[in-house]
A.B. asks: 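This structure is in structure tokens; I'll ask about it shortly.
In this text the structure is predicted, and so the values were computed from the model without any measurement.
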Amino acid sequence: MKKLGFIGLGNMGMPMAHNLIKAGYEVYGFNRSKGKEKTFEEFGGKAGLEMNELVKSVDVVMTCLPMPDDVERIILGENGVLEHADEGSLIIDFSTVSPSLHTRIEQAAEKKGVRYLDAPISGGTTGAEAGTLAIMVGGKDSVFEEAKEYFDVVGANVTRCGPIGQGTKVKLLNQYMVGLHTAAVGETLYLAEKSGLDHDLVYNVLSNGFGQSKIFDRHYSHFISQNKDEPGFALQLLLKDLGLAKEMASESNVSLTAGPNVLQMFEQANEKGLGEKDMSALYQYVKKQEQ
């Protein structure tokens with residue numbers, strides 16, 4: 001089996017890399033926080049290499065990083081992945097960044113004879129742990145077919161969406177809807193509370209109506225009803241994705257109405273110190289705004 005490198009052992013990357021180990025692959029991990037690498041070794045992974053050594057040691061490099069600047073620096077930057085990647089190797093990025101960045105990476109990769117796919121993911125930490133992520137892939141069909149064995153380990157709903165960047169465009173549509181639904185959950189629960197309605201009653205009734213959504217289930221069942229806000233997916237990361245969706249709309253000459261209002265809510269929530277909390281904490285922002 002080919003050797004795999006996984007860069008970015010965070011809330012999503014760690015369980016994904018762990019699933020690849022359990023599937024029998026030899027996986028080398030790299031993370032900025034070296035404590036994560038120790039945990040990765042406990043899962044059976046290999047760590048301790050500098051990034052350039054990792055890239056030279058594997059056939060496939062996978063990245064799962066929080067911000068566009070991280071992806072650009074790790075893949076395109078000085079002493080980055082592409083600088084050390086051998087001809088014929090494969091790079092897969094699971095991060096959510098801009099489609100234009102993926103285009104630039106693919107162009108740089110082609111000059112070195114390296115294959116590249118953008119493969120953003122959805123499904124949260126539970127999906128990452130269970131290996132049931134939705135994976136939206138952009139890139140050449142032949143490269144996608146080669147990489148599908150890895151996607152099938154970490155995901156259950158794998159779709160090639162078209163050329164490079166198209167997977168990310170679909171992911172940004174997903175995140176746009178996640179943002180709208182998150183705002184709807186926060187405002188709905190606050191309206192229910194101020195109307196004298198019990199949250200559990202409202203959740204149970206709406207979950208059997210058209211108001212039901214995966215985001216409502218996630219936010220209420222696992223976070224709001226439990227008074228938890230430790231991030232499964234941080235509010236500031238969804239803010240980043242909504243900003244990228246806004247850029248996508250601008251590039252497509254589309255004027256959106258609801259999205260910009262929701263983006264402003266997330267910006268203000270981030271300014272109020274909620275950015276590092278779970279995205280469901282937008283409910284806390286709604287409450288504070290009205291008090």
A.B. asks: In this structure, is the centre-to-centre distance between the rings of Y25 and Y150 below 6.0 Å?
C.D. replies: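 Yes, they do, as the ring centres are separated by less than 6.0 Å.
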A.B. asks: So does K214 have more than 12 non-hydrogen atoms from other groups sitting under 6.0 Å from NZ?
C.D. replies: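 Not more than 12 within 6.0 Å, no.
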A.B. asks: Keeping D70 on the side-chain end and M67 on the backbone end, is there a donor-acceptor pair under 3.5 Å?
C.D. replies: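 Present.
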A.B. asks: How long is the straight-line distance from CD of E247 back to CG of L242, given to the nearest 0.5 Å?
C.D. replies: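 The CD atom of E247 is 11.5 Å from CG of L242, to the nearest 0.5 Å.
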A.B. asks: Any carboxylate oxygen within less than 4.0 angstrom of a Lys/Arg side-chain nitrogen, looking at R115 and E146?
C.D. replies: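 Yes, this pair counts.
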A.B. asks: Please lay out, stage by stage, how F266 and Y285 fare under the test ring pair (Phe, Tyr, Trp, His ring centres under 6.0 Å).
C.D. replies: CA-CA 9 Å; F266 275 86; Y285 163 76; 8.6 Å; no
A.B. asks: Please find the pair of heavy atoms, one from G5 and one from L54, that lie closest to each other, and give the distance.
C.D. replies: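 The answer is CA-CD2, 3.9 Å.
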A.B. asks: Using only atom types and a distance under 3.5 Å, with no angle test, would you say the side chain of K240 pairs donor to acceptor with the backbone of P66?
C.D. replies: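 Side chain of K240 to backbone of P66, a donor-acceptor pair under 3.5 Å: yes, one is there.
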A.B. asks: Would a single hydrophobic cluster contain both I7 and L237, if residues Ile, Leu, Val, Met, Phe, Trp and Tyr are joined by side-chain heavy-atom contacts under 4.5 Å?
C.D. replies: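 Looking at the clustering, I7 is in a separate group from L237.
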A.B. asks: Given the rule in the side chain to side chain contact (heavy atoms under 4.5 Å, CB included) test, do F151 and L133 qualify, once you have shown the distances and angles that lead to the verdict?
C.D. replies: CA-CA 9 Å; F151 294 143; L133 292 169; over 6 Å; no
A.B. asks: Taking C-beta and beyond as the side chain, do D118 and P120 meet within less than 4.5 Å on heavy atoms?
C.D. replies: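 They are in side-chain contact.
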A.B. asks: Can you hop from V262 to L235 via hydrophobic side chains spaced under 4.5 Å?
C.D. replies: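 Result: yes, single cluster for both.
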A.B. asks: Taking E53 for its side chain and E50 for its backbone only, find out whether a donor-acceptor pair lies under 3.5 Å.
C.D. replies: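 Answer holds: yes.
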A.B. asks: If we only count heavy atoms from C-beta on, is the Y220 to L189 side-chain gap below 4.5 Å?
C.D. replies: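 Y220 vs L189: side chains touch.
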A.B. asks: Is the shortest heavy-atom distance from the side chain of S98 to the side chain of T168 under 4.5 Å?
C.D. replies: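 Side-chain contact under 4.5 Å: no.
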A.B. asks: Consider only side-chain N and O atoms of D241 and T96, and report whether a donor and an acceptor are under 3.5 Å apart.
C.D. replies: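 Short answer, no.
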A.B. asks: Can you tell me if K287 and Q284 form a side-chain donor-acceptor pair at under 3.5 Å?
C.D. replies: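 Distance-only check fails for K287 and Q284.
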A.B. asks: Given 3.5 Å as the limit, does a donor-acceptor pair link the side chain of N227 with the main chain of F223, or not?
C.D. replies: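 No, the answer is negative, given that no donor and acceptor are paired below the 3.5 Å cut-off.
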A.B. asks: Taking the six-membered ring of F30 as reference, does the cationic atom of K34 (NZ for Lys, CZ for Arg) lie under 6.0 Å from its centre and within 45° of its axis?
C.D. replies: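 K34 over F30 ring: yes.
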A.B. asks: For a quick test of reading the model, state the closest non-hydrogen atom pair linking P99 to G165 and the distance between them.
C.D. replies: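 That would be CB-O, 3.9 Å.
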A.B. asks: If every non-hydrogen atom of M16 is compared with every non-hydrogen atom of C64, which pair is closest and at what distance?
C.D. replies: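 Heavy atoms only, the tightest pair is SD-SG, 4.5 Å.
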A.B. asks: Can a salt bridge be assigned to the pair R32 and E37 using a cut-off of 4.0 Å between side-chain N and carboxylate O?
C.D. replies: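 Result for this pair is no, no salt bridge flagged.
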A.B. asks: Got a sec: does the CD of E267 have more than 12 other heavy atoms crowding it under 6.0 Å?
C.D. replies: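 Correct, the count exceeds 12.
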A.B. asks: According to the ring-ring contact (aromatic ring centres under 6.0 Å, His included) rule, which pairs have a member within residues 61-112, sequence neighbours left out?
C.D. replies: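 Found H102-Y116.
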A.B. asks: M14 and K36: side chain to side chain contact (heavy atoms under 4.5 Å, CB included), yes or no, with the steps?
C.D. replies: CA-CA 8 Å; M14 181 73 82; K36 294 280 190 179; 4.1 Å; yes
A.B. asks: Side chain to side chain contact (heavy atoms under 4.5 Å, CB included) between E276 and Q236: does it pass, once the steps are laid out?
C.D. replies: CA-CA 6 Å; E276 295 185 358; Q236 63 188 1; 3.8 Å; yes
A.B. asks: Taking it one step at a time, do Y203 and F216 satisfy ring pair (Phe, Tyr, Trp, His ring centres under 6.0 Å)?
C.D. replies: CA-CA 8 Å; Y203 171 71; F216 194 10; 5.2 Å; yes
A.B. asks: How many angstroms lie between CG in N11 and CD in E230, if you round to the nearest 0.5 Å?
C.D. replies: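 One finds 8.0 Å between CG of N11 and CD of E230.
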A.B. asks: How many angstroms lie between CG in L172 and CE in M136, if you round to the nearest 0.5 Å?
C.D. replies: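 With rounding to 0.5 Å, CG (L172) is 9.5 Å from CE (M136).
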A.B. asks: Enter the distance from L282:CG to E187:CD here, rounded to the nearest 0.5 Å.
C.D. replies: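 Nearest 0.5 Å value for the CG-CD distance: 8.0 Å.
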A.B. asks: Does any non-hydrogen side-chain atom of Y283 lie less than 4.5 Å from one of E193?
C.D. replies: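 With C-beta onward as the side chain, the pair touches.
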A.B. asks: Do F233 and V154 sit in the same hydrophobic cluster, where Ile, Leu, Val, Met, Phe, Trp and Tyr count as joined when their side-chain heavy atoms come under 4.5 Å apart?
C.D. replies: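 No; tracing contacts between hydrophobic side chains, which count when under 4.5 Å, never links both residues.
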A.B. asks: Would you say that more than 12 heavy atoms from the other residues, nucleotides or ligands in this model lie under 6.0 Å from the CD of Q226, or not?
C.D. replies: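 More than 12 within 6.0 Å, yes.
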A.B. asks: Is it true that M12 and V178 fall in one hydrophobic cluster, defined by side-chain heavy atoms closer than 4.5 Å?
C.D. replies: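 No, it is not one cluster - the side chains of M12 and V178 are not joined through contacts under 4.5 Å.
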A.B. asks: Closest heavy-atom contact between L117 and A147?
C.D. replies: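 Looking at all heavy atoms of both residues, the shortest contact is CD1-CB, 3.7 Å.
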A.B. asks: CE of M51 to CD of E83: how many Å apart, nearest 0.5 Å?
C.D. replies: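 If we round to the nearest 0.5 Å, M51:CE and E83:CD are 9.0 Å apart.
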A.B. asks: Is any side-chain heavy atom of V61 closer than 4.5 Å to one of I92?
C.D. replies: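 Side chain of I92 against side chain of V61, heavy atoms only: no contact under 4.5 Å found.
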A.B. asks: Whether K2 and D59 form a salt bridge (side-chain N of Lys/Arg under 4.0 Å from carboxylate O of Asp/Glu) is what I want to check.
C.D. replies: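 No, D59 and K2 are not salt-bridged.
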A.B. asks: Would a hydrophobic clustering, with Ile, Leu, Val, Met, Phe, Trp and Tyr connected at side-chain separations under 4.5 Å, put V137 with L4?
C.D. replies: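 They do share one cluster, since a chain of ILVMFWY contacts under 4.5 Å joins V137 to L4.
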A.B. asks: Could you tell me whether a side-chain N or O of K171 sits under 3.5 Å from a main-chain N or O of S122, the two making a donor and an acceptor?
C.D. replies: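 Checking the backbone N and O of S122 against the side chain of K171, no donor-acceptor pair under 3.5 Å is found.
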A.B. asks: Determine whether M265 and Q289 satisfy the following criterion, side chain to side chain contact (heavy atoms under 4.5 Å, CB included), listing intermediate values before the conclusion.
C.D. replies: CA-CA 10 Å; M265 291 174 68; Q289 285 298 105; over 6 Å; no
A.B. asks: Hey, mind stepping through N19 and K22 against side chain to side chain donor-acceptor pair (under 3.5 Å) and telling me if it holds?
C.D. replies: CA-CA 5 Å; N19 283 333; K22 290 190 289 186; 3.3 Å; yes
A.B. asks: Are the side chains of H18 and E129 in contact, using a 4.5 Å heavy-atom criterion?
C.D. replies: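 No; the side chains remain at least 4.5 Å from each other.
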A.B. asks: Short question: side chain of S89, backbone of V60 - any donor-acceptor pair under 3.5 Å?
C.D. replies: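 A pair under 3.5 Å: no.
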A.B. asks: Any idea which heavy atoms bring A108 and L76 closest together, and the distance?
C.D. replies: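 Answer, listing the atom of A108 first, then L76: CB-CD2, 3.8 Å.
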A.B. asks: Could you walk me through whether T63 and D93 pass the side chain to side chain donor-acceptor pair (under 3.5 Å) check?
C.D. replies: CA-CA 5 Å; T63 53; D93 180 46; 2.6 Å; yes
A.B. asks: CD1/I21 to NZ/K46 distance, rounded to the nearest 0.5 angstrom?
C.D. replies: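 One gets 9.5 Å once the value is rounded to the nearest 0.5 Å.
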A.B. asks: Does any donor atom in the side chain of H219 or T182 lie under 3.5 Å from an acceptor atom in the other side chain?
C.D. replies: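 Result is yes, a qualifying pair exists.
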A.B. asks: Answer whether the closest heavy-atom distance between the side chains of M1 and E26 falls below 4.5 Å.
C.D. replies: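 No; the side chains remain at least 4.5 Å from each other.
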A.B. asks: When you check the gap from the basic side-chain N to the acidic O, do D278 and R218 get nearer than 4.0 Å?
C.D. replies: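 Between R218 and D278 there is a salt bridge, with a charged N closer than 4.0 Å to a carboxylate O.
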A.B. asks: Can you name the closest pair of heavy atoms from I91 and I75 and give their distance?
C.D. replies: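 I91 and I75 have their closest heavy atoms at CG2-CD1, 4.3 Å.
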A.B. asks: Between E72 and R104, does at least one N-O distance fall below 4.0 Å, as a salt bridge requires?
C.D. replies: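 R104 and E72: salt-bridged.
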A.B. asks: Hey, does M62 have a side-chain heavy atom less than 4.5 Å from the side chain of L90?
C.D. replies: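 Side chain of L90 against side chain of M62, heavy atoms only: no contact under 4.5 Å found.
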A.B. asks: Atom NZ of residue position K56 - does it have more than 12 heavy atoms of other residues, nucleotides or ligands inside 6.0 Å?
C.D. replies: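 It does: K56 NZ has more than 12 such atoms within range.
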A.B. asks: Output yes when E145 and K140 qualify as a salt bridge under the 4.0 Å nitrogen-oxygen rule, no when they do not.
C.D. replies: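 Salt bridge flag = no for K140 with E145.
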A.B. asks: Using modelled atom types and a 3.5 Å cut-off, is there a donor and acceptor pairing between side-chain atoms of Y190 and backbone atoms of V185?
C.D. replies: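 Side chain of Y190 to backbone of V185, a donor-acceptor pair under 3.5 Å: no, none is there.
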